[in-house]
2 protein chains.
Amino acid sequence: MQGERRKFRREGEERRRDALVSAALDLISEGGPTAATVRAIADRAGVTPGLIRHYFQTKEELTREAYRALMQRMSAENAAVLGAAPADPAARLAAFVAAALRPPVVDPRSMGLWAGFLHQVRSDPAMAEIHAETYLGYRDLLQGLIAALPGPADPARQRALAIACNGVIDGLWLEGCALPQAFAPGELEHIGLEAVGAILGFDLAASLPPAPTEETP
Amino acid sequence: MQGERRKFRREGEERRRDALVSAALDLISEGGPTAATVRAIADRAGVTPGLIRHYFQTKEELTREAYRALMQRMSAENAAVLGAAPADPAARLAAFVAAALRPPVVDPRSMGLWAGFLHQVRSDPAMAEIHAETYLGYRDLLQGLIAALPGPADPARQRALAIACNGVIDGLWLEGCALPQAFAPGELEHIGLEAVGAILGFDLAASLPPAPTEETP
DNA sequence: GCCTCAATTATACACTTGCATAATTACAGG
DNA sequence: CCTGTAATTATGCAAGTGTATAATTGAGGC
């Protein structure tokens, strides 16, 4: 008796791919790249390792897809706040900065992923391209918000300011993810608004829209 | 003929341990934790894999030693600037902040190491302890510099300010390591001084000691 | 109900990893 | 020069890695 063959259900390609990508992200965030073996990923996704090769030509391809999904999700989560933001440029920028510095964008799991992917992004050109696309998209969005502020329109200077503000935001994001309990609720946003405000010469903290737009459906 | 046995020189224990630790750090910074296999480490250190087991009970022990060496080196590099700093509290703090945001403290290799160690620091209690010691030591140093500033002495508030400033510094440090070419020389220090100054209500940028104390032996 | 075909599983393989142990060799002290 | 001993190398091994390929099985069309 060599045991019964495992029962299974057929699923659509998209669902399976999503499940595998999601499982890979979970494992990397928990235990780093080392933990994301094909067997562990398949196990977490509820399938057997062979199926990975059926949907992805190689494990590297799955990893790239997971990274792309992560970056897109985070950008979308941050940009979503602009939909409900007021028209005033300073308020929009303040809302954007604040959203980047609180959950769900700030999340210890995301930083684990960030660290886990770092070396692959550095060494694998395909990963580097995915990173560049997302990063530049984010920075352009930020530069647009800065350009909308009242004042002289100097594109070169706006670009430099966007880079600087992006640095502060990214840095504080990492810090918030790394030390979630070091900051009181709202404190990280406040630090970020002060710091970005100092760079731009604007009192952003005062411009933050009143209610952090809690979802109330 | 089974080839000649490799020639070798006997070395002191300390030199060999240092060489192995250094090799491990190099490899982790270049290729992440995955790249630091016992064989690769031994190769880089100019020895054979068996010697690692002779000086370290396990590879994990070598890894921990490497992490400790890294953290101590970085803290020392940053604190070194205080030796040549003036007595004025604001100038001392400014010098300290600026030193944290320029080479050799800011260094792409260090961030690769930071990312590589992240998951081990999270999961291995021994690693977490090493981290806590170094981190708290750094923050206490920063808090001491803040407490020396003129103004009311409120320890609880000073602690909160130290945490916030530490967050900005750490974050900008990471950003400077990640995107070295995004910032003009001196720009990152300037951003950091503005941001920390905004948190503390001090014009730190104006307090920075004139010459960045270039070594001229 | 059967039959087809793709989705899924099972098995095998070559390779790498960390670790243990035995065999050597450099170097100090007589 | 010899000899002991500890530093160093060489070899082997069990476990885990990604991947290739063959064997099964679920589910829709007739």
Side-chain angles (χ1 to χ4, degrees), chain A residues 1-21 23-24 27-28 30-67 116 119-120 123-124 126-127, chain B residues 1-21 23-24 27-28 30-67 116 119-120 123-124 126-127:
Chain A
M1 182 204 0
Q2 52 193 13
E4 296 108 24
R5 206 180 169 88
R6 170 174 175 160
K7 304 299 180 195
F8 61 91
R9 276 186 39 204
R10 293 189 159 203
E11 290 281 359
E13 166 161 357
E14 201 173 353
R15 289 173 66 104
R16 278 278 132 94
R17 291 179 77 100
D18 283 359
L20 289 169
V21 161
L27 287 165
I28 293 175
E30 291 169 13
T34 316
T37 69
V38 283
R39 286 165 179 82
I41 294 171
D43 208 45
R44 176 81 50 121
V47 297
T48 51
L51 201 63
I52 291 181
R53 275 271 303 163
H54 189 254
Y55 285 116
F56 302 91
Q57 204 135 15
T58 177
K59 189 200 165 190
E60 232 184 355
E61 189 184 317
L62 165 57
T63 306
R64 281 197 277 264
E65 226 46 56
Y67 183 61
H119 285 99
Q120 298 183 55
S123 53
D124 179 6
M127 289 281 252
Chain B
M1 181 198 7
Q2 52 193 14
E4 296 110 21
R5 205 179 170 89
R6 170 174 174 160
K7 302 299 179 194
F8 61 91
R9 277 186 37 204
R10 292 189 161 203
E11 290 282 0
E13 166 161 356
E14 200 173 355
R15 291 173 67 102
R16 278 279 131 93
R17 291 179 77 99
D18 283 359
L20 289 170
V21 161
L27 287 165
I28 294 175
E30 291 169 12
T34 316
T37 69
V38 284
R39 287 166 178 82
I41 294 171
D43 209 46
R44 176 80 52 118
V47 297
T48 51
L51 201 62
I52 291 180
R53 272 272 302 164
H54 189 253
Y55 286 116
F56 301 91
Q57 206 135 14
T58 176
K59 189 200 165 190
E60 232 184 355
E61 190 184 315
L62 166 57
T63 306
R64 281 197 276 263
E65 225 47 56
Y67 183 61
H119 285 99
Q120 299 184 54
S123 54
D124 179 6
M127 289 281 249

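Protein chains get the first letters and strands the later ones, always in sequence-line order, with residue 1 at the start of each. Worth knowing before you read on, the calculation uses all heavy atoms, side chains too, and leaves out hydrogens, waters and symmetry mates.
Of the candidate nucleotides D:dT9, C:dA10, C:dT8, C:dA10 has the atom nearest to the side chain of A:R6. Of the candidate nucleotides C:dT17, C:dT8, D:dG18, C:dT8 has the atom nearest to the side chain of A:H54. For A:R39, whose side chain is taken as the heavy atoms from C-beta onward, the closest listed nucleotide among D:dT17, C:dA26, C:dC19 is D:dT17.
On a pure distance criterion of 3.5 Å, a polar donor-acceptor pair joins the side chain of B:R5 and the base of D:dT9. In terms of polar N and O atoms assigned as donor or acceptor, the side chain of A:R53 never comes within less than 3.5 Å of the base of D:dT19 in a complementary pairing. At a cut-off of 3.5 angstrom, counting only N and O atoms as typed in the model, there is a donor on one side and an acceptor on the other between the side-chain of B:R10 and the base of D:dA6.
In this entry the distance linking NZ of A:K59 with C1' of C:dT16 reads 13 Å, nearest Å. Rounding to whole angstrom units, CZ of residue A:R15 and C1' of D:dG26 are separated by 16 Å. When the C1' atom of D:dA7 is taken as reference, atom CZ of B:R17 falls 14 Å away, rounded to whole Å. One interatomic measurement links the two molecules: CG of A:L51 to C1' of C:dA6, which rounds to 12 Å at whole-angstrom precision. Put simply, CZ on B:F56 is 16 Å from C1' on C:dC19, counting in whole angstrom units. For the pair A:R16 CZ and C:dA7 C1', the computed distance is 9 Å after rounding to whole Å. Between the P atom of D:dA27 and the CZ atom of A:F8 lies a distance of 8 Å, rounded to the nearest Å. If you take CG of A:L62 and P of D:dG18, they are 10 Å apart, rounded to a whole angstrom.
Note on A:Y55: every side-chain N or O is 4.0 Å or more away from OP1 and OP2 of C:dA7. Applying the 4.0 Å criterion to OP1 and OP2 of C:dT16, one finds that B:T37 has every side-chain N and O outside that range.
Under 4.0 Å is where a charged nitrogen must lie from a carboxylate oxygen, and between A:E11 and A:R9 at least one such pair does. Taking a cutoff of 4.0 Å between a charged side-chain nitrogen and a carboxylate oxygen, A:E13 and A:R15 do not qualify as a salt bridge. Using a 4.0 Å cut-off between a side-chain N of Lys or Arg and a carboxylate O of Asp or Glu, A:R44 and A:E30 qualify as a salt bridge.
Nearest heavy atoms, A:I41 versus A:L20: CG2-O, 3.8 Å.
Among the heavy atoms of the strands lying under 4.0 Å from A:E11 are primed sugar atoms or P, OP1, OP2 only; no base atom is included. Contact annotation for B:T48: base contact, defined as any heavy-atom pair under 4.0 Å involving a base atom.
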A:E4 and A:R6: salt bridge (charged side-chain N to carboxylate O under 4.0 Å, His left out), yes or no, with the steps? CA-CA 6 Å; A:E4 296 108 24; A:R6 170 174 175 160; over 6 Å; no
